[in-house]
Amino acid sequence: MKFDYDVIVIGGGHAGCEAAAASANMGARTCLITMDMNKIGQMSCNPAVGGIAKGQIVREIDALGGFMGIVTDRTAIQFRMLNRSKGPAMWSPRAQCDRGKFIWAWREILENTPNLHIWQDQVKELLVENGVATGVKTYFDVVFHAHCVILTAGTFLNGLMHIGRTQLPGGRIAEPPSYHLTESIARHGVTHGRMKTGTPVRIDGRSVHFDELEIQEGEQSYHHFSFMENNRRLQQLPCWTCFTNPAVHEVLRNGLPDSPLYNGQIKSIGPRYCPSIETKLVTFPERDQHQLFLEPEGESTQEYYLNGFSSSLPLHIQIEALKKIPAFRDLAIYRPGYAIEYDYFDPTQLKHTLESKIISNLFLAGQVNGTTGYEEAAGQGIVAGINAALKCNGGEPFIMHRDESYIGVLIDDLVTKGVDEPYRMFTSRAEYRILLRQDDADARLTERSYKLGLAQRERYDLWLTKKEAIHRIVDFCEHFSLKPALINPGLESLGTTPLKYGCKLFDLINRPQITLRNISTYIQPLHTLLNSITDRQDEIIEAAEVLIKYHGYINRERVIADKMQRLENIKIKGKFNYREMNSLSTEARQKLEKIDPDTLAQAGRIPGVSPSDINVLLVLLGR
């Protein structure tokens, strides 16, 4: 064997899998180094993919030619579209997956990807020459050489787990941490810190009184994560809900002196939006109950995940507290919840390509950049993989803007604002979320990815067919005229006001009571048009309807985004010596010098840089 590659990916988690697949599929000779091939794509916490804003990221990964959506659809045991009561900008797909099958679905894909080799080992040192990453050295003392290196080590860098006062080294339960790698990177001037996350108890379903829980069924609809998949392969299972109670809280409070979060044992910052149960008690002392979700870990396993009960309290406290919930009075568990501390690197030291500003040809993706969540990691992974492959071949960098994808928002937030706690994506973080819907990720990204050489022809042709079908529906509605005498009986039966004057069908669809489906009953040409779509009919009709109903909001947001794009086109990197610019505020000088933004728009998003500071830069640019 020759241990020379174009791209080396360190870590086989969600970021590493997408990075390795993207790099290899773009033609780069790629090696994925992971400590355990049987844990590739392991879901360390909840075996679920998607959720609010996260589901949009997965659909974007899929549109780019990634595999997270495909793997999720193949292994899903429950699917739900969240936020259906709100507008389509808020709809977010979520799926509970079979943990074991998820791993093997990923492994099957990776082991059959051309240009991709997998090496089971652990990296202990990054090799750097003259400020350029040149390869890695492993615990087997194998030296790999590469043009680019992508670090996706997750929570393994100097990982330390906590269960009460018990501390165990590890990157995940029963898996060793990665030592020395942080130090081999930090000695080149890369700043790093510590973060914390956690996971709940795993329950033996045979000990649960399910008749005392509230059932939560999934959806049996046409929705999927991947634009390429259209059927469910596994048995669909329910989830269950219940609540804590004052007796539970009393036991938990008594255990707080032994909580690593409150006895000084853990000093790093945990995720604000996924707090432990003990944090909920301290933060919301007035609450006498908190909702919990009992979710299956697999199609045939008895292991259940207790969502909402993440904890690092001592084992006996976790068990005693849960037994105060009637459905868990005979509780048996497979393992307790635990917290884990790990190293991360300050993401403001990265370019928008996720390449380090300090060590050339080193890319970082996932939790090593201070994020939390499989989806955020995978989104960074595919971008890092694309850009590493492009750098090997001398291509132009691949950068997604904030009006183009949630992944673009995520990366821009990281490199511009940095993190002081584990970063989680929400729809509220995107100022253009009407443009970034889950239904139009393929419209935004597939063509661009196809031109890069990542999205395959099959995916591109599927999008072109869908695009043409959507256009036919929208065009028909824009030009088809309605007469009151012919349509009013139908409108009255649908519970909406009759027409006084004729109008275009497009305008009528804007009414909340009207859908393309129900109005087509009264308009034969529309009925014929909709039924002429034989493949992915429901998906196409929904996409067309969203474009029609929300066209005003979409167009208005597009205008705003285009205006902001002008500032994105004003390049300022290397044009100013911020330290000597006394016309800027002190904070702005310090932040601009540290971040060294590429564009004026990016400068405006840096916390501490005010609109007046941006005006100063505009004046100095002569704009």
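Between Leu32 and Leu110, the closest side-chain pair of non-hydrogen atoms falls below 4.5 Å. In this structure the side chain of Lys196 never reaches within 4.5 angstrom of the side chain of Ile340, judged on heavy atoms. Side chains of Met35 and Phe156 form a contact here, defined as non-hydrogen atoms less than 4.5 Å apart.
Between Phe225 and Phe79, the ring planes are perpendicular. Angles over 60° get that label, and only those under 30° would be called parallel. Taking the six-membered ring for Trp and thresholds of 30 and 60 degrees, Phe3 and Phe144 have ring planes more than 60 degrees apart, a perpendicular arrangement.
Not one N or O on the side chain of Ser428 forms a donor-acceptor pair closer than 3.5 Å with the backbone of Phe426. In this structure a side-chain-to-backbone donor-acceptor pair under 3.5 Å is missing from Arg74 to Phe102. Listed for the Gln380 side chain is a donor-acceptor partner under 3.5 Å among the backbone atoms of Glu376. Glu303 places no side-chain N or O within donor-acceptor distance of the main-chain N or O of Gly298, the cut-off being under 3.5 Å. Judged purely by atom type and a 3.5 angstrom limit, Thr72 has no side-chain atom pairing as donor or acceptor with the backbone of Val49. Asn307 places no side-chain N or O within donor-acceptor distance of the main-chain N or O of Asn46, the cut-off being under 3.5 Å. Between the side chain of Ser23 and the backbone N or O of Ala19 there is no donor-acceptor pair closer than 3.5 Å. Proximity of a side-chain donor or acceptor of Ser92 to a complementary backbone N or O of Gly55 within less than 3.5 Å is not detected.
Checked against the 6.0 Å centroid criterion, the rings of Trp240 and Tyr304 do not qualify as a close aromatic pair.
Seen from the ring of Tyr423, Arg429 counts as a face-on cation partner, given the 6.0 Å and 45° thresholds.
Arg80 and Glu219 are not joined by a salt bridge, as no carboxylate oxygen comes within less than 4.0 angstrom of a charged side-chain nitrogen. A salt bridge links Arg329 with Glu212: the closest approach of a Lys/Arg side-chain nitrogen to an acidic carboxylate oxygen falls below 4.0 angstrom.
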Working for side-chain contact (heavy atoms from CB on, under 4.5 Å), residues Leu294 and Thr241: CA-CA 6 Å; Leu294 190 64; Thr241 66; over 6 Å; no

Asn245/Asp288 under side-chain contact (heavy atoms from CB on, under 4.5 Å): CA gap, chis, key distance, verdict: CA-CA 6 Å; Asn245 55 52; Asp288 59 6; over 6 Å; no

